[in-house]
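Read through the structure below, which is laid out as structure tokens, and then see the notes.
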Amino acid sequence: MPHITRRSLAAATAVLLGATALTACGSSDSGDKAGAESGPVSLTYWAWAPGMDKVAALWNAKHPDIEVTVQKQASGDDLVTKIITAAKAHKAPDLVQAEYQALPTLVSNDALADIAPEVQGVKDRFAPGIWQQTTFGGEAVYALPQDSGPLMFFYREDLFEQYGLTVPTTWDEFAETARAVKKKAPEKSLTTFSANDSGLFAGLSQQAGAKWWTFEGDAWKVGIDDAATKKVTDFWGGLVAEGAVDNQPMYTPAWNKALNTGEQLAWVSAVWAPGTLTTAAPDTKGKWAMAPLPQWNKGENTTGSWGGSSTAVTTDSKHKTAAARFATWLNTDPEALAALVKESGIYPAATAAQTSGALAKAPDYFANQPDFYTRAAEIAKTTAPAAWGPNVNVAYTSFKDQFGKAAKAKTGFPEALTTMQGTTVADLKKQGFEVAK
């Protein structure tokens, strides 16, 4: 299996297949000791999830030899920039919360350590598609999965019954359902195509088999305009063009109203959707249901992911073994995982925690579907692997710009994808990366 190292990510000129990872990790002891490190250890953890300090307090109460201090941060690109800046000055914290798509950027800037020796035996605690996002498909482990966002189909159960609609199991059926809604209730839409959150489009493309960034020889290959993503683009662009679905962005007052009044009957979203619906559509509590994401072919069973983050140890940490030990506890220990659900409101990546503790009962908003988390856990297992690169932010920005224009005009979706591809490639070259044609 290719072993992608920081050097190959940074320069993309000499992919070291099967080579030893560039790492400054210490002891390989991942048990309940601090390994080669002796005496009290103080660790700093940059994280944005709410209540993370309360979770760390549980650790500190039982591990006086390793004290973890959480420093609350902003999420997204701002944090990535802050981590890289701190790493270049050799002032990075010991641990960071990092979104999966940010990991290649952080690794290419030599900000994250390979903790594979310290986390042996942990891999099977996570779905393969989620674990892959922290390893890039190689032997090095640059982070431990913390939370995930498997895609699902959310729909108004009462309105589907009212209009005689069947929950779609394939995307062809989804399109027919969208058309049926327009025929039976022209003022309503099954859903909307939104360009203001790139993560949903990335997840849908991921489900279709897209691999936006891969290595080819000694260079990055950008496949944003690959066949899988073109299929997703043509599908949604076609529905928007014919008026079968709406073209309005999500998370606006108008979108909230559409959900709350039943003007929009469904939403393709992730497992965290109940929290959003609780605020956006409070009057429809108990009227929604969740089902697996429609498939491209009958009999398939794959989903994409929208969001999710990991816990990584930085190359600056002088206590990597202790940091890896905390990261392992945080993302695999039952008490820690229950606290993450309760205090931080996350959907844990660890499969054992997806149907236990705080997730043993359905969300209040979905009290009418008592097996909500049981079904969600089965869907989460089918998460397809993702292929991220060192300039996801550029691709995402281009998507918002280009697909936003296409959605508003109800045309030009193929051209938007071509521009997104070209913009991403041009940026990689500008940064000095080798790019395969």
Side-chain angles (χ1 to χ4, degrees), residues 1-19 21-22 80 98-110 112 114 116 123 127-143 145 148 198-199 201-233 296 302-306 308 310 382-399 417-437:
M1 181 177 291
H3 194 170
I4 300 171
T5 67
R6 285 192 290 276
R7 182 177 292 125
S8 60
L9 279 167
T13 55
V15 179
L16 308 179
L17 303 181
L22 298 178
V80 174
E99 293 178 290
Y100 296 121
Q101 67 266 24
L103 292 177
T105 301
L106 294 173
V107 173
S108 69
N109 281 276
D110 200 26
L112 303 185
D114 174 11
K123 177 181 178 180
I130 297 299
W131 180 256
Q132 179 269 347
Q133 296 194 62
T134 66
T135 66
F136 315 141
E139 296 173 5
V141 178
Y142 293 110
S148 64
S198 317
F201 182 75
L204 291 171
S205 301
Q206 177 186 344
Q207 184 215 19
K211 291 181 173 57
W212 285 1
W213 287 269
T214 54
F215 276 112
E216 184 174 284
D218 59 0
W220 281 104
K221 182 173 179 61
V222 180
I224 289 174
D225 63 349
D226 63 6
T229 309
K230 285 180 179 177
K231 179 167 64 175
V232 174
T233 300
W296 286 104
T302 305
T303 193
S305 59
W306 184 4
S310 64
T382 70
T383 303
W388 305 114
N391 63 340
V392 173
N393 60 322
V394 172
Y396 274 19
T397 298
S398 181
F399 170 82
L417 184 64
T418 299
T419 300
M420 184 178 170
Q421 165 80 12
T423 299
T424 306
V425 169
D427 177 74
L428 278 179
K429 291 180 177 178
K430 182 179 179 181
Q431 290 190 55
F433 290 96
E434 289 290 327
V435 181
K437 293 183 179 180

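Throughout, residue positions are numbered sequentially from 1 according to the sequence presented.
A distance of 12.0 Å separates OG1 in Thr424 from NZ in Lys429, rounded to the nearest 0.5 Å. Separating the CD1 atom in Ile224 from the OG atom in Ser205 is a distance of 9.5 Å, to the nearest 0.5 Å. Residue Lys211 holds its NZ atom at 10.5 Å from OG1 of Thr229, rounded to the nearest 0.5 Å. Between the CH2 atom of Trp306 and the OG atom of Ser198 there is a distance of 10.0 Å, given to the nearest 0.5 Å.
The minimum heavy-atom distance linking Gln421 with Gly223 is given by the pair OE1-C, 3.8 Å. Glu216 and Ala436 get closest at one heavy-atom pair: OE2-CB, 3.6 Å. In terms of heavy atoms, Ala210 sits closest to Ala228 at N-CB, 3.5 Å. Closest non-hydrogen pair, Pro390 versus Ser108, comes out as CB-OG, 4.2 Å. The heavy-atom pair separating Leu106 from Ala98 by the smallest distance is CD1-CB, 3.8 Å.
Between the Gln207 side chain and the Ala384 main chain, no donor and acceptor come within less than 3.5 Å of each other. Judged by distance alone, the side chain of Asp114 and the main-chain N or O of Val141 form a donor-acceptor pair under 3.5 Å. Between the side chain of Gln132 and the backbone N or O of Ala386, at least one donor-acceptor pair lies under 3.5 Å. The closest donor-acceptor contact from the side chain of Lys221 to the backbone of Val435 lies at 3.5 Å or more, if one exists at all.
Using a 30° and 60° split on the angle between ring planes, Phe201 and Trp212 fall in the tilted class, from 30° to 60°. Aromatic ring pairs are classed by plane angle as parallel below 30°, tilted from 30° to 60° and perpendicular above 60°; the pair Tyr396 and Trp388 is perpendicular.
Checked against side chain to side chain contact (heavy atoms under 4.5 Å, CB included), Thr423 has the following partners two or more places apart in sequence or in another chain: Val394, Ser398, Thr419. For Asp225, there are no side-chain hydrogen bond (donor to acceptor under 3.5 Å, both in side chains) partners two or more places apart in sequence or in a different chain.
You'll find the side chain of Gln206 reaches within 4.5 Å of the side chain of Thr383, heavy atoms only.
For the side-chain contact (heavy atoms from CB on, under 4.5 Å) with Gln133, the qualifying choice from Pro145, Ser310, Ser305 is Ser305, the only one to do so.
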Using side chain to side chain contact (heavy atoms under 4.5 Å, CB included), reason through Val222 and Trp213 one step at a time and then give a plain yes or no. CA-CA 5 Å; Val222 180; Trp213 287 269; 4.2 Å; yes
Quick one, Leu112 with Leu103, criterion side chain to side chain contact (heavy atoms under 4.5 Å, CB included). Give me CA distance, side-chain angles, the key distance, then yes/no. CA-CA 8 Å; Leu112 303 185; Leu103 292 177; 3.6 Å; yes
For Ile130 and Tyr100, run side chain to side chain contact (heavy atoms under 4.5 Å, CB included): C-alpha distance rounded to whole Å, both residues' side-chain angles, the deciding distance at 0.1 Å, then the answer. CA-CA 9 Å; Ile130 297 299; Tyr100 296 121; 3.5 Å; yes
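Counted within 6.0 Å of NZ on Lys123, heavy atoms from surrounding residues, nucleotides or ligands total 12 or fewer; the atom is thus considered open.
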